Participant: 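Quick one: the structure is below, questions incoming.
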Amino acid sequence: MNTMTGYFNFVRLDREKCKGCVNCIKKCPTEAIRVRQGKAEIIEQKCIDCGECIRACPNKAKYVETDSTALLQEYKYRIALPSPSLYGQFRDPINPVRLLTALRDLGFDDAFEVAVGAEVVAAETKRLFQTGKLQGPVISSACPAVVRLIQVRFPELTSRILPLAPPSEVAAHLARYLKARELGIPEQEIGIFYLTPCSAKVTSIKAPVGGIPSFIDGAFSIQQLYPRLSHLVKQVKGVQHPGGYSRASGLGIGFGISGGEQAAVGLENQLVADGIASVIDVLEELEMGHLDGIDYIEARACSGGCVGGILNVVNGHVARARLDKIIREQNRSSLPLHERFPELDRLDYKVPRIHVEPRPMVYLDSNINGAMAKMTAAEKILKKLPGLDCGACGAPNCKALAEDIVLGKAEETNCIFILRERIMTLGMKVYNLAGIKPLTLSLEDLEKEGEE
Amino acid sequence: MGDKAEQAIMLEFTLQGQDFIRAGEASSEIKQRLKKLGFKPDVVRRAAIVAYESEMNVIIHARKGTLRVEITPRKILIQALDEGPGIADIEQAMQEGFSTAPDMIRELGFGAGMGLPNIKRFADEFKIQSRVGEGTLLEIIIHADKG
Ligand SMILES: Nc1ncnc2c1ncn2[C@@H]1O[C@H](COP(=O)(O)OP(=O)(O)OP(=O)(O)O)[C@@H](O)[C@H]1O
Ligand code: SF4
Ligand SMILES: [Mg+2]
């Protein structure tokens, strides 16, 4: 965390590897990156941790700061939370029980499927709609990159975000509660670790935005654990139920692919948007009041859904194909949620509520009059710029450079075309100066001419 | 005291009747500007909806026109002026659900007869003038300190 600004970001830059190219600045959906002194710098206030820059970087200079596995030692009892996309990372169609067994072999004491949390959230969402407590359009709270995007770019839409904790948090909440009672140990002795497909989830754990603390104690990336896990998965012999909580149905596992939440919530009028650009388009429409007939919006920053998350190992399309198979298989063999999970009724379990506050970006000035003066000034500068949006100045486009100049964060000569023009003008001046003969010289010349 | 002169920003967009490819661009630009200037979300939304409905009416119902916006810290003035068939019975046009949009336009999702009523609902001040066979002028003011 940056204690000065209060903003959290977990996308980091390996300065050695960064060549200062324009790939990431162009792909950032909130224009939060500038190249300064040859290195890509993130403007924290604008970053939503979506990971698009990591995807765009050809030099693998961006990475996500996750926890070290040493953190596991701090807890007596360790529970892994596998995200649905993890099921799609293995070559042989994996039986979830086999995956959970391998997670135990990896060093966790137990595993609790995020997919179960997803089913609980979906059921509660549906109930809230059916009892008239929720009215559309409501936006899913499952993707933290989308939630942060709404906070900074669509502040008014924060009131439309599903007021329920996302599946990963619900899974953590349930896992801790049930395990502590089962083992008769204090809740704080249990460590809960999320196996994340993305940077956004890391941020949501370290810096939750819903007004309640995270129930998760640490986050490991799927990539981080994959080498050992994929090996262990192959070793698992005979798929026996390990006695844990592997009880997710296909509906829950489906949260890993786009359209999966829609299937699980099952309302009349739903809309699915995946990929950050599509999500922005849909939010623009929603903001204009064009989606009034829609009840529920499943929005995911990654295209294809979480299988497209940057911390997965396998190509998102391949993972999706695998997940599709597992989903079908699980749906065939699964009982309804409350029969699989009698605890939910016994506990009269309540899904934790969240409330997301807007966090609008200050673009030009916190005062409107000042902002207008700056916009007018930026417009004037923009007219002088070539309009090529080449990015060589370190800003994503000419307009962004013009605004940076007005904000005192860049100079006109950062534009290589303006610089070239200035050098040319200067060159002409030097050339013209060189052509002028000093008076003394020309007098001598005159005398010489006279002698001859 | 930093008693600086009140700023004003003018924007003008040319609209072409039946141009459904560029439809919505003008109001989208207006929305982005207002957001960037830091107007309250409710003000941005109301101004954006008013601009959008005015823009679409010119594109759907008229031959050509212009959308003008004058932004000051206190208020946003939106004018839509067009050359087109004009509106014979304004009172009727202002009613919810009244529309003369042809089937082709309805296929595109317009023609619910909600545009003008919504403009009036979201505007703080609203004026409409029209001359049959010549054109229509809409003038809307959104107060920035409201909402
Ligand atoms: N600029 C205009 N020029 C000519 N006629 C217009 C103009 N604007 C509105 N009208 C007339 O007024 C009617 C009502 O307009 P309104 O915007 O309320 O509904 P609509 O445009 O038909 O449908 P919607 O706005 O819901 O898509 C129109 O159908 C049209 O007959
Ligand atoms: S879509 Fe899934 S993987 Fe991608 S950012 Fe959102 S939560 Fe993370
Ligand atoms: Mg209309």
Side-chain angles (χ1 to χ4, degrees), chain A residues 29-31 45-46 137 149-161 271 277 280-294 356-380 382 397 399-400 402-404 406-407, chain B residues 1-12 23-56 69-76 108-110 112 114-115 117-119 121-122 142-145 147:
Chain A
T30 57
E31 298 190 348
Q45 184 212 358
K46 294 184 178 176
L149 174 73
I150 294 171
Q151 282 186 297
V152 301
R153 270 193 64 175
F154 302 90
E156 212 197 23
L157 297 180
T158 46
S159 62
R160 297 242 147 255
I161 296 172
L271 184 154
I280 290 172
D281 282 350
V282 165
L283 295 176
E284 297 278 3
E285 292 283 315
L286 179 59
E287 201 176 37
M288 295 293 280
H290 296 168
L291 301 180
D292 284 349
I294 301 287
V356 180
E357 292 288 340
R359 210 186 72 188
M361 263 192 241
V362 175
Y363 289 94
L364 297 167
D365 197 317
S366 50
N367 165 289
I368 293 185
N369 206 44
M372 287 180 61
K374 283 177 182 153
M375 186 179 274
T376 307
E379 213 97 308
K380 259 191 209 140
L382 184 60
N397 50 58
K399 197 172 175 185
E403 288 169 3
D404 284 353
V406 170
L407 294 172
Chain B
M1 281 287 297
D3 227 1
K4 280 181 229 143
E6 192 171 276
Q7 296 284 328
I9 289 179
M10 320 274 206
L11 305 171
E12 193 169 311
E25 274 181 14
S27 41
S28 169
E29 168 78 20
I30 293 165
K31 180 167 91 171
Q32 302 311 337
R33 295 268 194 156
L34 295 175
K35 263 194 189 184
K36 209 166 231 184
L37 288 170
F39 282 97
K40 288 190 202 129
D42 175 65
V43 170
V44 175
R45 188 174 54 92
R46 289 191 294 130
I49 292 173
V50 162
Y52 177 79
E53 294 298 345
S54 313
E55 178 184 6
M56 290 317 297
V69 186
E70 193 180 313
I71 307 168
T72 59
R74 258 175 272 255
K75 63 175 199 235
I76 299 149
L108 292 170
F110 304 104
M114 288 306 292
N118 274 336
I119 293 174
R121 182 154 70 97
F122 290 119
I142 309 266
H143 293 301
D145 38 14

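Within every chain, numbering begins at 1; the chains are lettered A, B, ... in the order of the sequence lines, protein sequences first and strands thereafter. Keep in mind it's a predicted model, so treat the numbers as computed, not measured.
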Participant: State, to 0.1 Å, how close B:Thr72 and A:Met372 come at their nearest heavy-atom pair, and which atoms those are.
Facilitator: CA-CE, 3.8 Å

Participant: How far does CZ of B:Arg33 sit from CD of A:Glu379, to the nearest 0.5 angstrom?
Facilitator: 4.0 Å

Participant: Heavy-atom distance under 4.5 Å to chain A: side chain of B:Arg74, backbone, both or neither?
Facilitator: neither

Participant: What I'd like to find out is whether the side chain of B:Lys35 reaches to under 4.5 Å of the side chain of A:Glu156, using heavy atoms alone.
Facilitator: no

Participant: With a 4.5 angstrom heavy-atom cut-off, is it the side chain or the backbone of A:Glu403 that approaches chain B, or both, or neither?
Facilitator: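 Side chain of A:Glu403 only, per the 4.5 Å heavy-atom cut-off to chain B.
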
Participant: Tell me, out of A:Met361, A:Met375, A:Lys374, who's got the most heavy-atom pairs with chain B below 4.5 Å.
Facilitator: A:Met375

Participant: What pair of heavy atoms forms the shortest contact from B:Pro73 to A:Ile368, and how long is it?
Facilitator: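 Between these two residues, the closest heavy atoms are CA-CG2, 3.9 Å.
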
